[in-house]
Asker: 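Take this structure first; my questions come after.
Model, not experiment: these values are computed from the prediction. For the numbers below, each heavy atom of this structure counts, side chains included, while hydrogens, waters and symmetry mates do not.
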Amino acid sequence: MKIATFNINGIKARLPRLKEWLEETRPSVACLQEIKSQDDGFPAGEFEAIGYQAIWHGQKSFNGVAMLVDAKASFTGPVEVRRGLGIDGPNDGEGEQARYLEADVNGVRVVCIYLPNGNPHPGPKFDYKLAWMERLRERMAEIWAEEVPCAVVGDFNVIPHDDDVWSPKAMASDALMQPESRAAYSRLLADGWTDAMRTLNPRGGVWTYWDYQAGAWQRDHGFRIDHLLLSPELADRLEAVGVDKDHRGREKASDHAPVWVQLRN
DNA sequence: ATGCCTTCCTGGGGAAGA
């Protein structure tokens with residue numbers, strides 16, 4: 001079973017690139033973030049046509065998450081378990097943002113998250129980020145108590161270590177690498193979850209995001225913020241992880257690259 | 001450095017991203 005996460009930065013603008021990636025790499029489960037689409041604008045038929053069954057949690061203009069499952073490979077699901085964490089956005093009266101989707105796939109619980117960016121720091125958006133991370137931690141503890149194999153994947157918007165970024169100095173004031181952001185991420189690992197990429201690449205130096213600006217891609221000025229966290233049962237099945245880096249270099253690419261984990265059966 | 005680029009929503013230019 002191969003579980004992938006991909007912040008696509010707009011499903012309408014990215015549809016040809018996204019379908020290309022699915023057909024070339026054929027993940028069993030693909031968790032998407034920043035679809036930037038309302039529920040009724042989601043192109044489910046486009047995915048069905050290439051053998052993927054989808055569920056989605058959309059929002060106008062911003063955010064939005066989705067989960068695709070390879071029906072051609074006879075994977076069952078996604079059977080939705082939950083959408084949203086029940087936490088309002090940082091602006092008064094805006095309600096909850098579309099950032100969380102949880103479903104069962106072949107007996108594995110898959111959680112797709114788009115964690116708040118938190119910039120500028122300090123401020124209400126940063127406070128929202130930290131509150132969201134604490135709520136996520138609570139939900140992960142609930143799933144842990146169910147003793148179901150689980151992968152929590154997505155755009156965490158956290159650079160866990162200094163060796164996960166091209167220049168810690170250049171990013172020092174960013175919400176992605178504030179000590180509070182890192183501490184909240186570390187608590188998830190301390191709870192027993194395994195960072196799949198870190199486990200197989202303990203020295204860092206692997207990027208999943210390159211900014212559109214300042215020639216970041218050409219200069220390899222990237223960092224790692226897209227993560228795959230595994231419950232103990234899935235960590236025991238960890239076989240390989242990777243970044244589909246070449247997809248970042250294509251025409252009309254997202255600023256994130258897809259990241260995946262291969263699990264033994 | 002309120003910069004750089006890209007998307008969305010909308011038909012001009014602002015918000016958001018990281």
Side-chain angles (χ1 to χ4, degrees), chain A residues 5-18 21 32-43 56-66 88-100 112-130 132-133 154-182 184-185 206-227 243 245 247-259:
Chain A
T5 177
F6 189 7
N7 181 320
I8 56 171
N9 187 19
I11 201 162
K12 298 179 197 75
R14 209 70 59 215
L15 196 54
R17 287 287 90 86
L18 177 57
W21 169 70
L32 309 178
Q33 302 87 36
E34 284 205 89
I35 64 173
K36 298 184 175 180
S37 163
Q38 295 182 90
D39 280 342
D40 58 11
F42 188 85
W56 57 95
H57 179 26
Q59 179 181 342
K60 189 178 181 180
S61 302
F62 309 116
N63 310 316
V65 286
D88 284 345
N91 306 307
D92 282 345
E94 72 168 316
E96 181 160 22
Q97 300 180 346
R99 296 182 175 276
Y100 184 95
C112 174
I113 69 161
Y114 175 47
L115 208 148
N117 170 295
N119 280 305
H121 160 269
K125 289 188 173 182
F126 189 69
D127 296 340
Y128 168 56
K129 175 183 194 146
L130 297 182
W132 207 94
M133 292 186 82
D155 179 355
F156 281 71
N157 269 316
V158 175
I159 298 168
H161 307 273
D162 280 357
D163 58 18
D164 290 315
V165 55
W166 67 279
S167 167
K169 194 175 172 183
M171 294 290 290
S173 62
D174 198 286
L176 307 195
M177 53 178 282
Q178 291 311 301
E180 298 96 323
S181 308
R182 287 180 166 179
Y185 186 79
V206 178
W207 317 146
T208 68
Y209 170 92
W210 296 258
D211 202 293
Y212 287 127
Q213 303 185 65
W217 169 249
Q218 290 76 9
R219 297 174 182 183
D220 200 28
H221 289 180
F223 39 85
R224 186 174 76 98
I225 51 175
D226 300 277
H227 306 308
V243 180
K245 190 174 173 180
H247 288 261
R248 175 62 182 83
R250 299 188 185 189
E251 286 296 313
K252 296 282 286 180
S254 171
D255 41 6
H256 295 249
V259 192

Asker: Quantified in whole Å, what is the P atom distance between nucleotide dG12(B) and nucleotide dA1(B)?
Answerer: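 The answer is 35 Å between these two P atoms.
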
Asker: Has the side chain of R99(A) got a donor or acceptor atom that lies under 3.5 Å from a matching backbone atom of G64(A)?
Answerer: no

Asker: Check side-chain hydrogen bond (donor to acceptor under 3.5 Å, both in side chains) between W132(A) and all other residues, then give those that pass, not counting sequence neighbours.
Answerer: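 With sequence neighbours excluded, W132(A) shows a side-chain hydrogen bond (donor to acceptor under 3.5 Å, both in side chains) to no residue whatsoever.
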
Asker: Looking only at side-chain N and O atoms, does N63(A) come under 4.0 Å of OP1 or OP2 in dC8(B)?
Answerer: no

Asker: Given dA16(B), dT7(B), dA18(B), which nucleotide is nearest the side-chain atoms of K125(A)?
Answerer: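 Closest nucleotide to the K125(A) side chain: dA16(B).
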
Asker: Taking any heavy-atom pair under 4.0 Å as a contact, classify N7(A): base, sugar-phosphate, or nothing.
Answerer: sugar-phosphate

Asker: What pairs with D163(A) under salt bridge (Lys or Arg N to Asp or Glu O under 4.0 Å), at least two apart in sequence or on another chain?
Answerer: R198(A)

Asker: Say we look at dA15(B) and dG11(B): how far apart would their P atoms be, to the nearest angstrom?
Answerer: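 The same atom, P, in both gives a distance of 15 Å.
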
Asker: Does dA18(B) have its OP1 or OP2 closer than 4.0 Å to a side-chain nitrogen or oxygen of N157(A)?
Answerer: yes

Asker: Hey, is the main chain of N157(A) close enough, under 3.5 Å, to the side chain of K129(A) for a donor-acceptor pair?
Answerer: yes

Asker: Measure the distance from CD1 on I8(A) to P on dG17(B) and round it to the nearest whole Å.
Answerer: 16 Å

Asker: Which whole number of Å gives the distance between the P atom of dT10(B) and that of dT6(B)?
Answerer: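 These two P atoms come out 22 Å apart once rounded.
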
Asker: If you assign each of I11(A) and N119(A) to its closest nucleotide in DNA chain B, which residue comes earlier from the 5' end?
Answerer: I11(A)

Asker: If we take the P atom in both dG13(B) and dT2(B), what is their distance in whole Å?
Answerer: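 23 Å, rounded to whole Å.
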
Asker: Determine the contact category for Y114(A): base if any of its heavy atoms lies under 4.0 Å from a base atom, sugar-phosphate if only primed atoms, P, OP1 or OP2 are that close, otherwise nothing.
Answerer: sugar-phosphate

Asker: Under 4.0 Å between a side-chain N or O of H121(A) and OP1 or OP2 of dA18(B)?
Answerer: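 Answer no for this pair, as no side-chain N or O of H121(A) is under 4.0 Å from OP1 or OP2.
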
Asker: With sequence neighbours left out, write down each residue that passes salt bridge (Lys or Arg N to Asp or Glu O under 4.0 Å) with K60(A), or none if nothing qualifies.
Answerer: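 Result, salt bridge (Lys or Arg N to Asp or Glu O under 4.0 Å) vs K60(A): none returned.
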
Asker: May I ask you to list the residues of residues 206-217 of chain A, by number, that have any heavy atom positioned under 4.0 Å from an atom of DNA chain B?
Answerer: Y209(A), Y212(A), Q213(A), A214(A)

Asker: State which residues pass side-chain hydrogen bond (donor to acceptor under 3.5 Å, both in side chains) with H227(A); sequence neighbours excluded, sorted by chain then number.
Answerer: R224(A)

Asker: Can you tell me which nucleotide in dT7(B), dG17(B), dA18(B) comes closest to the side chain of N117(A)?
Answerer: dA18(B)

Asker: Which comes earlier along DNA chain B counting from the 5' end, the contact point of A253(A) or that of P116(A), where each point is its nearest nucleotide?
Answerer: A253(A)

Asker: Can you list everything that forms a side-chain hydrogen bond (donor to acceptor under 3.5 Å, both in side chains) with D162(A)? Sequence neighbours excluded, please.
Answerer: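 Partners of D162(A) by the side-chain hydrogen bond (donor to acceptor under 3.5 Å, both in side chains) criterion, ordered by chain and then number, come out as R182(A).
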
Asker: Sequence neighbours excluded, which residues qualify as side-chain hydrogen bond (donor to acceptor under 3.5 Å, both in side chains) partners of N91(A)?
Answerer: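 Checked N91(A) against side-chain hydrogen bond (donor to acceptor under 3.5 Å, both in side chains); matches are E94(A).
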
Asker: Is there any protein nitrogen or oxygen under 3.5 Å from a nitrogen or oxygen in nucleotides 9-12 of chain B, and what are the pairs?
Answerer:
| residue | atom | partner | partner atom | Å |
| --- | --- | --- | --- | --- |
| dC9(B) | OP1 | S61(A) | N | 3.1 |

Asker: Taking salt bridge (Lys or Arg N to Asp or Glu O under 4.0 Å) as the definition, give me every residue that meets it alongside R17(A), ordered by chain and number, with sequence neighbours left out.
Answerer: E20(A)

